[in-house]
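In what follows, chains are A, B, ... by sequence order, proteins preceding strands, each numbered from 1. All values below were derived from every heavy atom in this structure, side-chain atoms included, with hydrogens, water molecules and symmetry-related copies excluded.
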Amino acid sequence: MINLKLPDGSVREVEGPIDGLAFAGSIAKSLAKKALAIKIDGKVKDLSTVIDHDAIVEVVTAQTDDGLEILRHDCAHVMAEAVQELFPGTQVTIGPVIENGFYYDFARDEPFKAEDLEKIEAKMREIVDRNEPITREVWSRDEAIAYFKKIGEDYKAELIESIPAGEEVSVYRQGEWLDLCRGPHLPSTGKLGKAFKLTKLAGAYWRGDSRNEMLQRIYGTAWANDNDLKAYLTMVEEAERRDHRKIAREMDLFHLQEEAQGSVFWHPKGWRIWQALEQYVRRRIDEAGYVEVRTPQLLDSKFWEQSGHWGKYRENMFVVPDEVPSTDEDAPVLSGKAKLMAIKPMNCPAHVQIFKQGVKSYRDLPLRMAEFGCCHRNEPHGALHGLMRVRQMTQDDAHIFCTEDQIKGETEAFVTLLESVYDDMGFTDLKVRLALRPEQRVGSDESWDKAEKALEEALNDLGREFTLAPGEGAFYGPKLEFHLKDAIGRSWQLGTLQLDFNLPERLDASYIGEDGGKHRPVMLHRAVLGSLERFIGILIEHYEGKFPLWLAPVQAVVATITSEADEYAEKVAAELRAAGLRVEMDLRNEKINYKVREHSVGKVPAILVAGKREAEENTISVRRLGSQQQQTMSLADVVKSLAEEATPPDLR
RNA sequence: GCUGUUGUAGCUCAGUGGUAGAGCACUCCCUUGGUAAGGGAGAGGUCGUGAGUUCAAUCCUCACCAACAGCACCA
């Protein structure tokens, strides 16, 4: 007798060993039909797995996350089979499940074309209709290597070669097709269904290393049923409408152009958002005990050599020779012999220079030095992306010089400040990562131990959830990263806190301690918004351009119905401006329908309509963005309520 | 930087081996209209750049540049 406990807590007795499918059938025939796999003691296994001991058992269907994952994994396999059937000679490599779908990387000399995706999809449907049985086999490692080498699957053979000698590997046979895979898998291709779609085609390096050859990656999405697939595709379409580059054009916020690639031309309306945000952060850090400074753009390259950036990041810096360019038409503009300066890619060495002016005492610590520092980084062309990845960026940067004892307190204060700021923006699904020592780094292992521990402790004390990211720290210290996703699900790092025991040493910063001796301060590099450019990009997508009043570039438009109300509209606008609101007037010779439409499309939060009636009664008709209705209110009330609503969250 | 795709009016996009078209936006005229596009007229393009093939190239070929997607990178 075997006792099997179900997720609902009930226990079923079965007579002897039973496989997953039979077990599902013993509960309900319909369940056997829907069963994709079986979860035994928390581990998902093939449906053919025999259960021979007491266990907690769950039948996995497409309605669960586990089931969807199997479905997507199988979809990748079916796609690989389809590709190899259609394009003989194509090698398979890896095909994992990702959020909402899967991909598979192929090696093939000729590139896949967009039209090929349809052909592959059609072939995939064919394979599903064939309902090929999928069976698991266990091979020895060496047997597997020999087999895949023989059939010309060099990448697969290489993958298996990295498995320790003597181990066994599992191979799944899917009809005629065969792939190395850990599994689990569906019992047959028919179970996959047809709620899948191949979405995009792209290059990807073999084993994620840019020194390796480039493979061709096909992305796809797969769901339990057609409705889910359709819902997902609709969601993606809607998300694309939130793209900050698109909304920025519609709202006239900024533009980018070839002649300054990666650097932003902020238009008046975009700059208003920037200003509202910068001034907000300035108030917040002021309150949190920071001092603001301003440091040079162009610095002698020796600072970057000392800081360690010159060696690792020189190729991403803009370097400028310190010489007078030649005015001789025939001579080269630059001699190539001059001393080099660099446009700063970060503010830290400059801040250390301020710290080093005069003698600092332990009484001066913690010293929180902030700068809305404009930095330039020569980012690779392929990395540039709207506001999210630019070459000229401004960070709400600060360096906290403190003692080791103060690290934890400062970290906690920073995280609290950051969360409060994000909260004011309405961001909720913040992901925190603790990035640990990379291979290439400076500083002793002891100082890294200390630094990593300090950050981890601070997070634990705050009770914050975070994930560890081994190997992803900065070269001078571990860092906390605060990530948010953009409209189409790409994750971006915004805020960060980096612990640094090294730079003060390298740039020789010191303070006099209580004991009268010289000590090294610790530096915390930190930014709440990260780059203002990126943060605004995320804000635009987050709000879909419909900013809360305090951030909206144009807070209200006064639109007239007839020219007889022009004078009154001027008065309304003047009163709103006097109350500190950003107001525009629309006195054009257009119908009110036209004006309402245009300002709605332009995402103006409040349209204030003035006609003859309003002018006579000293009222205004208010139509808020997103509403079909309007409300006539006295001018005084409108001014008061809009001014209140437009107050930044920290001043309320 | 790598792979692929794209590049035609300010924007969104048609189109052709014989020097280009629509809608919106823009300008002017008519219209003063009560909450998501009133009507009419006009102006606007070296078809990304350079070279090649051709009697003739926006279209074909090559190179370059840029944008987009993904990968790699992100102090």
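Here the separation of G70(B) from C11(B), taken at their P atoms, is 23 Å to the nearest Å. Rounded to a whole angstrom, the distance from the P atom of U49(B) to that of U58(B) is 10 Å. Nucleotides C64(B) and C28(B) are separated by 47 Å at their P atoms, to the nearest Å. Separation of the C1' atoms belonging to G38(B) and G21(B) is 26 Å when rounded to the nearest angstrom. Spacing of P atoms, A63(B) relative to C74(B), comes out at 31 Å, to the nearest Å. For the C1' atoms, the distance linking U53(B) with G42(B) amounts to 41 Å, nearest Å. Nucleotides C47(B) and C60(B) place their C1' atoms 15 Å apart, quoted to the nearest Å. Taking atom P in both C26(B) and G33(B), one finds a spacing of 22 Å when rounded to whole Å.
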Table of protein N/O atoms under 3.5 Å from nucleotides 10-12 of chain B N/O atoms:
residue : atom : partner : partner atom : Å
U12(B)  : OP1  : R249(A) : NH1          : 3.1

Which protein N or O atoms sit under 3.5 Å from an N or O of nucleotides 62-65 of chain B?
residue : atom : partner : partner atom : Å
C65(B)  : O2'  : E258(A) : OE1          : 3.4

For nucleotides 41-46 of chain B, print each protein N/O atom paired with a nucleotide N/O atom at under 3.5 Å, atom names and distance only.
none

Please output the side-chain donor-acceptor pairs of residues 344-354 of chain A that fall under 3.5 Å, not counting sequence neighbours, one pair per line with the distance.
residue : atom : partner : partner atom : Å
K344(A) : NZ   : T295(A) : O            : 3.3
K344(A) : NZ   : T295(A) : OG1          : 2.8
K344(A) : NZ   : P296(A) : O            : 3.4
K344(A) : NZ   : N347(A) : OD1          : 3.1
K344(A) : NZ   : E371(A) : OE2          : 3.1
N347(A) : ND2  : D397(A) : OD2          : 2.7
H351(A) : ND1  : H399(A) : ND1          : 2.8
H351(A) : NE2  : E371(A) : OE1          : 2.7
Q353(A) : NE2  : P349(A) : O            : 3.2

Determine all donor-acceptor pairs shorter than 3.5 Å in which one atom belongs to a side chain in residues 555-562 of chain A; sequence neighbours excluded.
residue : atom : partner : partner atom : Å
Q555(A) : OE1  : R582(A) : N            : 2.7
Q555(A) : NE2  : L549(A) : O            : 2.8
T560(A) : OG1  : D586(A) : O            : 3.3
T560(A) : OG1  : K595(A) : NZ           : 3.1
T562(A) : OG1  : E564(A) : N            : 2.9

Donor-acceptor contacts, no H, no angles, side chain residues 605-620 of chain A, under 3.5 Å, sequence neighbours left out:
residue : atom : partner : partner atom : Å
E614(A) : OE1  : G611(A) : N            : 2.9
N618(A) : OD1  : K571(A) : NZ           : 2.9

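Residues passing the side-chain contact (heavy atoms from CB on, under 4.5 Å) test with A398(A), sequence neighbours excluded: Y290(A), A370(A), R526(A).
Between the side chain of R389(A) and the base of C73(B) there is at least one donor-acceptor pair of N/O atoms closer than 3.5 Å. You won't find any donor-acceptor pair under 3.5 Å spanning the side chain of E564(A) and the base of G33(B), going by distance alone.
Heavy atoms from other residues, nucleotides or ligands lying under 6.0 Å from CD of Q440(A) number 12 at most. Atom CD of Q257(A) is surrounded by more than 12 heavy atoms from other residues, nucleotides or ligands within 6.0 Å. Environment of NZ in K123(A): crowded, with over 12 heavy atoms of neighbouring residues, nucleotides or ligands closer than 6.0 Å.
Residues of residues 433-442 of chain A that place a heavy atom closer than 4.0 Å to RNA chain B do not occur. Sorted by residue number, the members of residues 205-222 of chain A with any non-hydrogen atom under 4.0 Å from RNA chain B read Y205(A), G208(A), S210(A), M214(A), R217(A), Y219(A). Looking at residues 109-121 of chain A, you'll see P111(A) sit with a heavy atom under 4.0 Å from some atom of RNA chain B.
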What do the steps show when you test E315(A) against N378(A) for side-chain contact (heavy atoms from CB on, under 4.5 Å), and what is the final call? CA-CA 8 Å; E315(A) 59 179 6; N378(A) 198 345; over 6 Å; no

I'd like to know whether E541(A) forms a side-chain contact (heavy atoms from CB on, under 4.5 Å) with M388(A), so could you lay out the CA-CA distance, the side-chain angles of the two residues, the decisive distance to 0.1 Å, and finally the verdict. CA-CA 11 Å; E541(A) 301 200 350; M388(A) 304 302 192; 4.0 Å; yes

Could you spell out the base pairing of RNA chain B in dot-bracket, with Watson-Crick or G-U pairs whose two distances are under 3.5 Å, [ ] crossing and | to another strand? (((((((..((((....[..)))).(((((.......))))).....(((((..]....))))))))))))....

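For the pair Q493(A) and I561(A), both in contact range of RNA chain B, the more 5′-proximal nearest nucleotide belongs to I561(A). The 5' end of RNA chain B is approached more closely, in terms of each residue's nearest nucleotide, by L625(A) than by the other of C348(A) and L625(A).
A centroid separation of less than 6.0 Å is found between the aromatic rings of F475(A) and H309(A). Aromatic rings from F87(A) and F112(A) are positioned such that their centres are separated by under 6.0 Å.
Considering all non-hydrogen atoms of both residues, V442(A) and N502(A) come closest at O-ND2, 3.3 Å.
Across all strands, E614(A) comes closer than 4.0 Å to base atoms (heavy-atom distances). Using a 4.0 Å heavy-atom criterion, one finds that Q498(A) contacts the sugar-phosphate atoms exclusively. Backbone-only engagement by H385(A) is indicated by non-hydrogen atom pairs under 4.0 Å involving sugar-phosphate atoms exclusively. If you check every strand for non-hydrogen atoms under 4.0 Å, R624(A) touches nothing. Within 4.0 Å (heavy atoms only), A474(A) reaches sugar-phosphate atoms of the nucleic acid but no base atom. Heavy atoms of K595(A) sit nowhere under 4.0 angstrom from any nucleic acid atom. Among the heavy atoms of the strands lying under 4.0 Å from K479(A) are primed sugar atoms or P, OP1, OP2 only; no base atom is included. Within 4.0 Å of Y103(A), counting heavy atoms only, lies no atom of the nucleic acid at all. Using a 4.0 Å heavy-atom criterion, one finds that L201(A) contacts no nucleic acid atom at all.
Note: H77(A) and H73(A) have perpendicular aromatic rings, judged against thresholds of 30 and 60 degrees for the angle between ring planes.
Here the straight-line distance linking atom CZ of F414(A) with atom OG1 of T496(A) works out to 7.0 Å at 0.5 Å rounding. Going from atom CZ of F427(A) over to atom CZ of F535(A) covers 4.5 Å, rounded to the nearest 0.5 Å.
For the residue pair Y476(A) / E505(A), no side-chain donor-acceptor distance below 3.5 Å is found, with atom types taken as modelled. Side-chain contact of H599(A) with R623(A): a donor-acceptor pair under 3.5 Å is absent, judged by distance alone.
By the criterion of a centre-to-centre distance under 5.5 Å and near-parallel planes under 30°, the ring of Y594(A) forms no stack with the base of A37(B).
Sorted by first and then second residue, the salt bridge (charged side-chain N to carboxylate O under 4.0 Å, His left out) pairs with a member in residues 598-610 of chain A read E250(A)-K603(A), R588(A)-E598(A); sequence neighbours excluded.
Within the 3.5 Å criterion, the main-chain N or O of G262(A) finds no donor-acceptor partner in the side chain of Q392(A).
A cation-pi arrangement is absent between R72(A) and F102(A) under the rule of less than 6.0 angstrom and at most 45 degrees off the ring axis.
With A36(B), G34(B), C74(B) as the candidates, the nucleotide lying closest to the side chain of Q628(A) is A36(B).
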